[in-house]
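First the structure, in the form of structure tokens, and then the observations on it.
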Number of protein chains: 2
Amino acid sequence: MLNESTVAVLEQTGAAEPEKRIRDRSATERAILKAAKNLLAEEGFQNFGINAVARRAGCDKQLIYRYYGGLDGLVEAIGADLGNWVKDRIPEDTGGMFLLTYGDLMERLSLLFLEALRDDPLMRRIVAWEISENTEQVRRLSEARSKALGLWLDRMRGSLTPPKGIDTAAVNALIFASIQHLVLSAAAGGQCAGLVLKNGKDWEKAAGALKRLVRGVYG
Amino acid sequence: MLNESTVAVLEQTGAAEPEKRIRDRSATERAILKAAKNLLAEEGFQNFGINAVARRAGCDKQLIYRYYGGLDGLVEAIGADLGNWVKDRIPEDTGGMFLLTYGDLMERLSLLFLEALRDDPLMRRIVAWEISENTEQVRRLSEARSKALGLWLDRMRGSLTPPKGIDTAAVNALIFASIQHLVLSAAAGGQCAGLVLKNGKDWEKAAGALKRLVRGVYG
DNA sequence: CCGGTCTGTCACCAATCGGTGAGTAACAGC
DNA sequence: GCTGTTACTCACCGATTGGTGACAGACCGG
């Protein structure tokens with residue numbers, strides 16, 4: 001599977017004939033998983049298939065069937081990583097701020113989520129996948145993602161009490177929906193509903209509007 | 001191309017052998033366009049191809065090349081219809097309400113847009129397509145759609161002046177983004193960010209949250 | 001050393017894809 | 001009636017897809 005050592009050997013000898021690969025199952029498994037994630041992140045779910053993954057991993061597709069039980073298992077393995085997404089991509093601390101009110105919290109979380117999503121092409125593709133297809137594959141991914149997100153939200157909320165008289169579940173769903181669609185739309189076409197989103201200045205305006213929206217409803 | 005008259009004939013005679021089709025170019029063109037729209041609405045853009053459209057239209061794919069210049073032209077023809085979407089799917093009147101403030105207006109438009117999108121599977125697929133791919137095809141569709149939406153917004157605004165000190169373009173983009181993502185996510189998996197969206201009651205809660213969001217920022 | 005298991009490769013399958021060139025049947029004008 | 005155009009069908013192309021069975025070589029326990 002063309003792992004680093006093999007490449008090194010090839011470069012040293014300059015040999016064109018197929019040097020034997022290293023027999024290392026776990027390394028191959030990791031290479032396949034990595035290839036799958038990169039492929040999904042870069043090319044999207046349109047051309048995400050057994051052949052494409054095997055090609056990118058530099059190994060035979062048979063190994064994907066053997067080690068992951070096919071594409072479904074591979075997707076599931078990707079989903080398993082998703083549980084750590086929040087921990088990996090979103091800073092834990094509050095940025096030195098004191099979050100006194102629920103509004104403080106939601107403003108902070110919204111902006112964090114916006115940035116994290118903007119910086120993670122794989123997660124963007126997965127979100128786009130979720131709203132485009134409804135297969136078992138995608139449903140599993142979606143479940144893992146929303147579960148992780150929910151846990152994060154709960155954990156960050158801590159002992160802060162949500163405001164009375166507001167359906168925070170519905171409102172928060174709308175807020176996060178707006179962030180996701182904004183980021184996805186921008187990533188796809190550089191704009192969202194006519195609003196250009198390309199350079200940093202554009203995103204500052206969007207972040208400002210997001211703050212206003214959150215503050216408007218949560219004070 | 002199995003237009004209505006042919007089907008009628010087949011049903012009358014019960015003949016299985018290929019009764020000759022009626023030679024009617026414009027009817028065939030319409031049948032192809034209709035088939036394409038239905039296919040896209042029902043199956044999504046995943047399996048949207050020349051072969052599938054021709055199969056559904058009941059004619060040879062060659063005709064699609066001849067009459068529309070291929071899939072691109074066909075998609076463009078679909079996009080041409082999009083200009084009339086607002087007019088066809090969204091009621092003109094204000095529902096007997098008096099829209100005195102910008103907040104009144106945006107609340108009304110948001111709810112109208114939410115319902116219209118919820119009722120139109122084709123438009124949902126197109127929106128999902130927009131954020132999943134970035135081909136020339138999709139870009140054209142996207143352009144037509146956002147243009148029509150912008151015109152509608154302008155027209156409905158009338159002489160109402162937007163509030164000072166608020167970046168209405170950015171805020172409205174976020175509001176419409178939230179609506180789109182909510183509806184798409186619900187259509188795909190029956191929920192959005194953990195918020196279940198299946199029966200009418202669920203949607204009433206969502207609409208209430210949307211009102212709150214709009215009123216929060218626009219008063 | 002021998003036999004079996006593990007890792008990886010290869011060749012092949014039917015099905016489908018987008019695309020094209022040739023052919024056929026119905027019609028219109030003369 | 002004959003001719004040319006229009007509407008339409010069919011057969012085929014190469015490429016790619018997901019999927020499988022057979023095989024080769026490295027490794028390990030005996």
Side-chain angles (χ1 to χ4, degrees), chain A residues 1-7 9-10 15-33 35-36 39-40 43-76 133 135-137, chain B residues 1-7 9-10 15-33 35-36 39-40 43-76 133 135-137:
Chain A
M1 22 39 266
L2 267 183
N3 38 33
E4 306 81 341
S5 358
T6 311
V7 173
V9 167
L10 285 174
E17 57 261 30
E19 296 274 343
K20 299 300 175 188
R21 306 268 164 79
I22 295 180
R23 290 164 55 93
D24 184 342
R25 168 159 180 169
S26 72
T28 306
E29 284 180 1
R30 274 183 278 114
I32 291 174
L33 185 58
L39 181 68
L40 186 54
E43 308 284 334
F45 55 93
Q46 305 285 351
N47 301 66
F48 185 74
I50 284 279
N51 291 307
V53 172
R55 211 177 301 130
R56 176 173 279 242
C59 73
D60 196 277
K61 57 183 169 183
Q62 175 75 20
L63 298 183
I64 300 178
Y65 286 107
R66 270 220 266 280
Y67 298 156
Y68 290 95
L71 251 197
D72 294 3
L74 189 50
V75 169
E76 206 152 354
E133 253 180 352
T135 62
E136 191 58 34
Q137 279 184 1
Chain B
M1 17 43 259
L2 270 185
N3 37 33
E4 305 84 339
S5 0
T6 311
V7 172
V9 168
L10 285 176
E17 59 260 31
E19 295 272 345
K20 297 303 175 187
R21 307 268 164 78
I22 295 180
R23 289 163 54 92
D24 185 341
R25 168 159 181 169
S26 73
T28 306
E29 284 180 1
R30 271 182 281 116
I32 291 174
L33 185 57
L39 181 69
L40 185 54
E43 307 284 334
F45 54 93
Q46 305 285 349
N47 301 67
F48 185 75
I50 284 278
N51 291 307
V53 172
R55 211 177 301 130
R56 177 173 276 242
C59 72
D60 197 275
K61 58 182 169 183
Q62 176 75 22
L63 299 183
I64 300 178
Y65 286 107
R66 272 220 257 284
Y67 298 157
Y68 290 96
L71 252 197
D72 293 3
L74 188 51
V75 169
E76 206 151 355
E133 253 181 352
T135 62
E136 191 58 34
Q137 278 184 1

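Quick note: numbers below take in every heavy atom, side chains included, and nothing from hydrogens, waters or symmetry partners. Chain letters run A, B, ... following the sequence lines, proteins first, then strands; residues in each count from 1.
At whole-Å resolution of the value, CG in B:L63 and P in C:dG19 are 15 Å apart. B:Y65 places its OH atom 17 Å from the P atom of D:dC10, with the value rounded to the nearest Å. For the pair B:K61 NZ and D:dA11 C1', the interatomic distance rounds to 11 Å; values are reported in whole Å. Rounding to whole angstrom units, CD of residue B:E43 and P of C:dC17 are separated by 12 Å. Spacing between atom CD1 of A:I50 and atom C1' of D:dT16 amounts to 14 Å, rounded to whole angstrom units. The distance between atom CD1 of B:I22 and atom C1' of C:dA25, rounded to the nearest whole Å, is 15 Å. The interatomic distance linking B:N51 (CG) with D:dA11 (P) rounds to 15 Å, in whole Å. Look at CD on A:Q46: it is 15 Å from P on C:dC17, rounded to the nearest Å.
Considering only the side chain of A:R23, C:dC6 comes nearest among C:dC6, D:dT20, C:dA25. Between D:dT17, D:dC8, D:dG21, one nucleotide has an atom nearer to the side chain of A:Q62 than all others, and that is D:dG21. For B:C59, taking side-chain heavy atoms from C-beta onward, the closest of the listed nucleotides C:dG18, C:dT7, D:dT9 is D:dT9.
Here CZ of B:F48 is found 7.5 Å from CD of B:Q137. Values are rounded to the nearest 0.5 Å. Here B:L40 contributes atom CG and B:R56 contributes atom CZ; the two are 10.0 Å apart, rounded to the nearest 0.5 Å. In this structure, OG1 in A:T28 is found 11.0 Å from CD1 in A:I64, a value given to the nearest 0.5 Å. Distance check: A:D60 CG to A:R66 CZ gives 8.5 Å after rounding to the nearest 0.5 Å. We find the CZ-CD1 distance between A:R55 and A:I50 to be 11.5 Å, quoted to the nearest 0.5 Å.
Looking at B:Y68, its side chain does come within 3.5 Å of a backbone N or O of B:E29 through a donor-acceptor pair.
Nearest heavy atom pair, residue A:V53 against residue A:A35, reads O-CB, 4.2 Å.
Taking side-chain N and O atoms only, B:T28 has a distance below 4.0 Å to OP1 or OP2 of D:dC8. At D:dA26, none of the side-chain N or O atoms of A:R25 fall inside 4.0 Å of OP1 or OP2 (strictly under the cut-off).
For the segment residues 66-75 of chain B, residues with any heavy atom less than 4.0 angstrom from an atom of DNA chain D are, sorted by number, B:R66, B:Y67.
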